[in-house]
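Okay, so here's the structure we're looking at.
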Amino acid sequence: MSVLINQHTKVLVQGMGKTGTFHTDKAIAYGTQMVGAVHPSRAGETERYEGDTDHSGVPGRDDRYDVTLPIFRTVAEAVAETGATASVVYVPPPFAADAIMEGAAAGLELIICVTEGIPVADMVVVKRYLEDHATRLVGPNCPGVITPAECKIGIMPGYIHSPGRIGVVSRSGTLTYEAVFQLTNNGLGQTTAIGIGGDPVNGTNFIDCLSMFNDDPATEGVIMIGEIGGSAEEEAAEWITANMTKPVAGFIAGTTAPPGKRMGHAGAIISGGKGTAADKIAALNAAGVVVAPTPTDMGQAMLDAMG
Amino acid sequence: MKVHEYQAKELMKARGIPVPLGRVATSVDAAVAAVRPLIEETGNPIVVVKSQIHAGGRGKGRFKEHPDVGGVNVVASGLEGIQAAEETVRELAQKMLHSTLVTVQTGPEGKQVNRLYIEQGIDIERELYLSVLLDRATSRNIVMASTEGGTEIEEVAAETPEKILKAEIDPAFGLLDFQARQLAYDLGLDGPAFANGVKFLKVLAKAAVELDADLVEINPLVVTKDGQVMALDGKMSFEANALYRHPDVAEMRDVTEEDPAEIEASEYDLSFIKLDGTVGCMVNGAGLAMATMDIIKYVGGEPANFLDVGGGATAEKVAAAFKIITKDPNVKGIFVNIFGGIMRCDTIAAGVIEAVQEVGLEVPLVVRLEGTNVEIGKRMLDESGLDLVSATDMKDGAQKILELVGE
């Protein structure tokens, strides 16, 4: 079991530029069911992908892949033709918000937006638009979502993952990789790893993911990785206290970040004394979360939390 | 991106938001020349000389070179006439321009004042507070207002939260009339000030959203004796990601307010923030870059910088990043911490080798590589003959660089 995506998920790519083309290849090599692309200026063309799969030599799995993706003008046409239920957005920042809303209007269940640098005002409009649609947005400015050995949507390196028992949710891409790799090395593995992104306005938050992991029978524990800025971790801590039935480990980045400075991520800023790492760590501790003192200790913190 | 008060007021004025008349001056003569037209045009014998820096608390701030002079000065020409006011402004401008203003927000090092804003005096009846900003919890912009103008809003929020008024801006509709009226009632506005206040609120909310401002703060917003509502101060900052659609705002960038190393880094599309410690860091990913600073502190050191080389960096960018770090005289050692995803470890290795060959390496270097193409990256570093120490994980790396830095 897993959350959000699995081996049956049919995925479109929105934005077949250099990045979209590159990561579509990696996703297919991993085994993801990529079924089509949307790129208005290339509509009617196809894009062929072939090569060795990531699981070459594994018994029962294909050694090679050879997939030709049709490129459509609109998401609606792509959905009608392919039966896709999910998409990944690599569209450049000025046009990404529109791409997300087009995907929602076409009835996609899940949109994962990797694009970094979308104006906040655009995302405020997107969030308003999604209130009237059933679509779940993950991101933007995130590495994506992966259910190991089944489906990889996004830019994370596939080989550091392994199927297992832990759900991972994070505002940071590389810290997700740290956590995932430790879980792979200590044998716990992952059910699904979700990057919710580093922007101040995002589609899916910690509570959404904690709730999904709480309901997923295969998930036995969760690692949540937060950082300075906003109050999403504090809200998650309250939710954990009230609802979470599974052990949670965590890490918060930015203990040494100076106030008023944006630390790389648009959302990582301490403003008006709010959003500090100390406050977030205190809130998580109070909720019974085992907070790792450094990223190197995240895997161990999960083991400790599981007792 | 922050702009100066006078720039924020230009933007407001262009959108019909009432602001006092004023003139910006970068020289003593220009400051003096601003006095007469302002007094003659407004009929108000008072002018205010305001330091323009990207930091608040200017009124209570003091100049390092002239501790008797504040950052904002009121000059009344009174009975002695305009000439006397001009002389006072001359004396003030001579002391203020190119001197260092220290406020609660600048830190003890202060900021050099390169521009003055000479503004008409206003007959103030009441001072209010107004801002427009993003409420991250609801993903909506909000208008925040308070009757407690002129004080730090964080203090008001902490001590008398009931005095903070809020209205949410629905992106589909903007701030609605009834919301603006409610705020105006709650601010205690009446008579002509009520109508002017409602209009002010609506126009400001619209302007803030249209300009992609991540903060508009007017503190104080003043009600004049004749019922006008006016932005006496104005602070605006803009979202960097949206500047592409506001070239007029982008032009307002004042690079003299920024750290030279941060400007150089931004030219290479690197995310860099200078800090005061001795351990330079080069990392991929914002979260990991923050966590690397944290772990240096955790093992007993102090980070010299935040640096995220990003996911798509080339060897040239990595080399540029390395050079920016080594330029800082405080840096006694460097910790390269990479978990390759899109960023490949061989790209990092190539960049580090290129930079060291070009500028040399006079401080210890610890490298931790993990992820995509890690074996190739490690081999490249080994074969380069560079004098570096490899780390197995980030905690190991932090401990090793600390030992080498000798703190």
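Values reported hereafter were calculated over all heavy atoms of this structure, with side chains retained and with hydrogens, waters and symmetry mates removed. Numbers restart at 1 for each chain; the letters A, B, ... are given by sequence-line order, proteins then strands.
When each of A/Pro200, A/Ala257, A/Ala121 is checked for heavy-atom pairs under 4.5 Å with chain B, A/Pro200 comes out on top. Per-residue heavy-atom pair counts under 4.5 Å with chain A were compared for B/Ala137, B/Gly371, B/Ala289, and the maximum is reached by B/Gly371. Of the listed residues A/Gly260, A/Ala232, A/Gly267, A/Pro258, the one with more heavy-atom pairs under 4.5 angstrom with chain B than any other is A/Gly267. Top candidate by heavy-atom pairs under 4.5 Å with chain A, chosen from B/Gly285, B/Pro303, B/Pro171, B/Ala172, is B/Pro171.
Applying the side-chain contact (heavy atoms from CB on, under 4.5 Å) rule to A/Ala27 yields the partners A/Thr32, A/Met34; only residues at least two apart in sequence or on another chain are considered. For A/Val291, the side-chain contact (heavy atoms from CB on, under 4.5 Å) partners two or more places apart in sequence, or in a different chain, are A/Ile281, A/Leu284, A/Asn285, A/Val289. A search for side-chain contact (heavy atoms from CB on, under 4.5 Å) contacts involving A/Pro92 returns A/Pro94, A/Phe95, not counting sequence neighbours.
Contacts between A/Ile155 and chain B at a heavy-atom distance below 4.5 Å involve backbone atoms as well as side-chain atoms. With a 4.5 Å cut-off on non-hydrogen atoms, A/Ile118 touches chain B through its backbone but not through its side chain. Interface residue A/Met263: backbone and side-chain heavy atoms are both found under 4.5 Å from chain B. Contacts between B/Leu275 and chain A at a heavy-atom distance below 4.5 Å involve the side chain alone, from C-beta outward.
Summarising the geometry of B/Ala291 relative to A/Pro295, their closest heavy-atom pair is CB-CG, 3.5 Å, with the distance given to 0.1 Å. In this structure, A/Pro157 and B/Gly340 approach most closely via the heavy-atom pair CG-O, 3.8 Å.
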Cross-interface N/O pairs, chain A with chain B, donor-acceptor, under 3.5 angstrom:
residue	atom	partner	partner atom	Å
A/Val120	N	B/Glu239	OE1	2.9
A/Val120	N	B/Glu239	OE2	3.2
A/Asp122	OD1	B/Arg245	NH1	3.1
A/Asp122	OD1	B/Arg245	NH2	2.7
A/Asp122	OD2	B/Arg245	NH1	3.4
A/Arg128	NE	B/Asp170	OD1	2.7
A/Arg128	NE	B/Asp170	OD2	3.1
A/Arg128	NH2	B/Asp170	OD2	3.3
A/Glu131	OE1	B/Arg140	NH2	3.4
A/Glu131	OE2	B/Arg140	NH2	2.8
A/Tyr159	OH	B/Gly371	O	2.8
A/Tyr159	OH	B/Thr372	N	3.1
A/Thr174	OG1	B/Asn284	O	3.2
A/Glu178	OE1	B/Arg368	NH2	3.2
A/Glu178	OE2	B/Arg368	NH1	2.5
A/Glu178	OE2	B/Arg368	NH2	3.3
A/Gly254	N	B/Asp294	OD2	2.6
A/Thr255	N	B/Asp294	OD1	3.1
A/Thr255	N	B/Asp294	OD2	3.1
A/Thr256	N	B/Asp294	OD1	2.9
A/Thr256	OG1	B/Asp294	OD1	2.7
A/Lys261	NZ	B/Glu262	OE1	3.3
A/Arg262	NH2	B/Asp214	OD2	3.4
A/Gly267	O	B/Arg136	NH1	2.8
A/Gly267	O	B/Arg136	NH2	2.9
A/Thr296	OG1	B/Lys395	N	3.2
A/Asp297	OD1	B/Lys395	NZ	2.9
A/Asp297	OD2	B/Lys395	NZ	3.2

